[in-house]
Amino acid sequence: MASEKIDILLLGAGGREHALLMKLAESPRAGKLYVAPGNGGMLQIADAAPINQENPAEVASWAAENGIGLVVIGPEAPLVVGVADAVRAEGIACFGPNKDAAQMEGSKEFAKQVMARAGVPTAAYRSFTDREACEAYVREVGGPIVVKADGLAAGKGVIVAQTTDEALAGVDECFSGAFGDAGATVVVEEMLEGPECSLLALTDGTTVVPLATSQDHKRAYDGDKGPNTGGMGVYSPVPILLDGELDTMSAIMQKVVDQLRADGINYSGCLYGGFMLTKDGPKVLEFNARFGDPETQVVLPRMKADLVETFLACDNGTLSPDMVNWGDDWAVSVVLASAGYPGSYEKGKVIHGLDEAEARAGVTVYHAGTALDKYGKTVTAGGRVLDVTAVAPTFEEARANAYAACDLIDFDGKQFRTDIGLKAILGRENL
Ligand code: AMP
Ligand code: GLY
């Protein structure tokens with residue numbers, strides 16, 4: 001029966017997964033909800049499944065034994081090791097690409113080759129496994145240039161070098177094992193210039209449904225200063241797009257999915273396109289094989305869709321654009337982080353004011369690095385602690401409301417950027 005409830009297992013523990021879980025829970029199709037490992041917010045509405053999310057056999061057999069009807073994979077690590085393949089092999093629906101398709105994120109070299117075959121614009125690049133050849137190439141081309149460790153490096157394996165010396169230091173870091181195995185192959189690429197824009201798209205391997213645009217803030221401090229982080233805040237939609245840019249980005253996503261299919265790879269799940277809006281048009285910076293974090297925390301609350309039905313349709317090849325609709329509202333999300341992040345930080349600080357913040361109309365606080373202590377109190381448990389998100393009819397209202405809610409929340413060492421979304425107000429020339 002189409003309206004039957006199904007039990008769902010969601011893998012992951014971040015703000016992205018809390019947002020996914022809340023949207024899944026809204027669906028009339030959602031039965032029991034399980035998470036592995038989950039966080040302090042997720043465990044208030046779902047039960048913990050005692051499994052390692054990165055072990056394909058363990059996830060698949062637990063799902064089978066517990067009558068799970070849909071497994072939703074949040075982060076990249078389980079995708080890249082083939083958790084989706086193992087779940088599907090049990091005959092269980094899964095949201096997230098199989099191992100071969102997840103190489104779009106797992107290997108920059110693989111993604112670049114797909115893009116080349118699909119005729120999709122991206123930065124020119126060369127890839128090296130030999131350190132001396134790589135250094136010689138960097139010296140020949142010179143800075144500014146971008147050096148990337150191939151493979152997953154938790155967002156840290158990218159060195160945007162203004163000078164040749166910085167680039168050589170980056171090459172040294174990659175080959176000396178700073179990013180583990182991810183640095184065994186090094187990609188050196190042309191530096192692109194312009195504002196960045198993220199576009200998430202749902203796909204069943206054939207039909208591609210682009211979601212709303214969003215823009216992350218990757219640097220730790222105001223004014224885009226300081227080290228790169230997982231993302232300190234985000235807003236949606238991106239109001240500074242020029243005519244045709246969204247169509248170009250959407251067409252690029254479709255071309256990539258079509259190319260993969262032509263190559264014999266069915267990509268189903270979320271494809272995340274990271275774009276640079278250059279003066280020659282949008283160019284791809286990278287693809288990810290999953291929803292963005294924190295992009296999901298502003299895209300999902302704006303989306304009108306039955307997420308369970310939509311995810312099942314991605315898995316079984318029946319996705320259609322009319323399953324996803326949008327209103328005219330805006331969303332802004334500000335990350336509250338632990339003092340010291342993205343470097344070392346303390347954990348276990350009690351978080352106050354969550355109820356007061358969430359009592360504000362339009363505000364949702366997604367938990368990222370939180371846990372419940374033995375008294376059931378919510379405490380900090382990670383670098384990025386909370387995503388304080390507001391949805392409102394205007395951008396200014398959403399932004400003001402998100403920051404008002406941030407002021408109501410307190411924990412020892414709370415730090416956040418005060419300029420999230422200002423770029424949207426200042427206009428394109430200031431991005
Ligand atoms: P990634 O981890 O691949 O998302 O890269 C992190 C960040 O590095 C991106 O969000 C960009 O800001 C920057 N970046 C990556 N590749 C390039 C490039 N080819 N040109 C300029 N900036 C880049
Ligand atoms: N917000 C960047 C990412 O999810 O990779």
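Along the sequence shown, residues are numbered consecutively beginning with 1. All ligand and atom numbering here is 1-based and tracks the order in the structure. Source: prediction; values computed, not measured.
Closest to atom 5 (O) of ligand 2, if we only count protein heavy atoms, is R290 NH2, 2.9 Å. Atom 2 (C) of ligand 2 has its closest protein heavy atom at Y272 OH, 3.3 Å.
Listed by atom number, the atoms of ligand 2 under 4.0 Å from N288 heavy atoms are 5 (O). With ligand atoms numbered from 1 in the order given, ligand 2 contributes 4 (O) to contacts under 4.0 Å with heavy atoms of G292. The atoms of ligand 2 that sit less than 4.0 Å from any heavy atom of D216 are 1 (N), 2 (C). Atoms of ligand 1 lying under 4.0 Å from at least one heavy atom of E190, given by number and element, are 18 (C), 19 (N), 20 (N). Every atom of ligand 1 with a heavy atom of K218 under 4.0 Å away is listed here by number and element: 10 (O).
Contact annotation for M191 and ligand 1: heavy atoms of both the backbone and the side chain come within less than 4.0 Å of the ligand. Neither the backbone nor the side chain of V234 comes within 4.0 Å of ligand 2, counting heavy atoms alone. With a heavy-atom cut-off of 4.0 Å, E193 does not touch ligand 1 at all. Heavy atoms of E295 found under 4.0 angstrom from ligand 2 belong exclusively to the side chain.
Residue E196 has at least one N or O atom closer than 3.5 Å to an N or O atom of ligand 1. Polar contact with ligand 1: absent for K108 (N/O pair, distance under 3.5 Å). Between V160 and ligand 1, no N or O atom pair is found at a separation short of 3.5 Å. Every N/O-N/O distance between E286 and ligand 2 stays at or above 3.5 Å.
Each of K108, K283, R126, K112 was evaluated against E189; a single residue qualifies, K112, per the salt bridge (Lys or Arg N to Asp or Glu O under 4.0 Å) test.
A donor-acceptor distance shorter than 3.5 angstrom exists from the side chain of T163 to the backbone of E166, with no hydrogens or angles considered. Using modelled atom types, one side-chain atom of T213 and one backbone atom of V238 make a donor-acceptor pair closer than 3.5 Å. Judged by distance alone, the side chain of R16 and the main-chain N or O of F291 form a donor-acceptor pair under 3.5 Å. In terms of modelled atom types and a separation under 3.5 Å, the side chain of K279 and the main chain of G194 share no donor-acceptor contact.
Nearest-heavy-atom check against atom 21 (C) of ligand 1 across V188, V187, L192 picks out L192. Considering only non-hydrogen atoms, atom 22 (N) of ligand 1 lies nearest to M276 out of E286, E189, M276.
Ion pairing between R261 and D258 holds under the 4.0 Å rule for side-chain N and carboxylate O. The residues D263 and R117 are annotated as salt-bridged, a charged nitrogen and a carboxylate oxygen being separated by less than 4.0 angstrom.
A parallel orientation is assigned to the rings of F311 and F95, their planes being inclined by less than 30° (bins at 30° and 60°). In this structure, H18 and H367 have perpendicular ring planes: the angle between them is above 60°, well past the 30° mark.
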(request) Check the pair S268 / R88 against side chain to side chain donor-acceptor pair (under 3.5 Å), numbers first and verdict last. (result) CA-CA 12 Å; S268 79; R88 291 192 173 105; 3.1 Å; yes
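Side-chain contact between M232 and K218 is absent, with no heavy-atom pair separated by less than 4.5 Å.
Note on ligand 1: K148 sits in its first shell, one or more heavy atoms being nearer than 4.0 Å.
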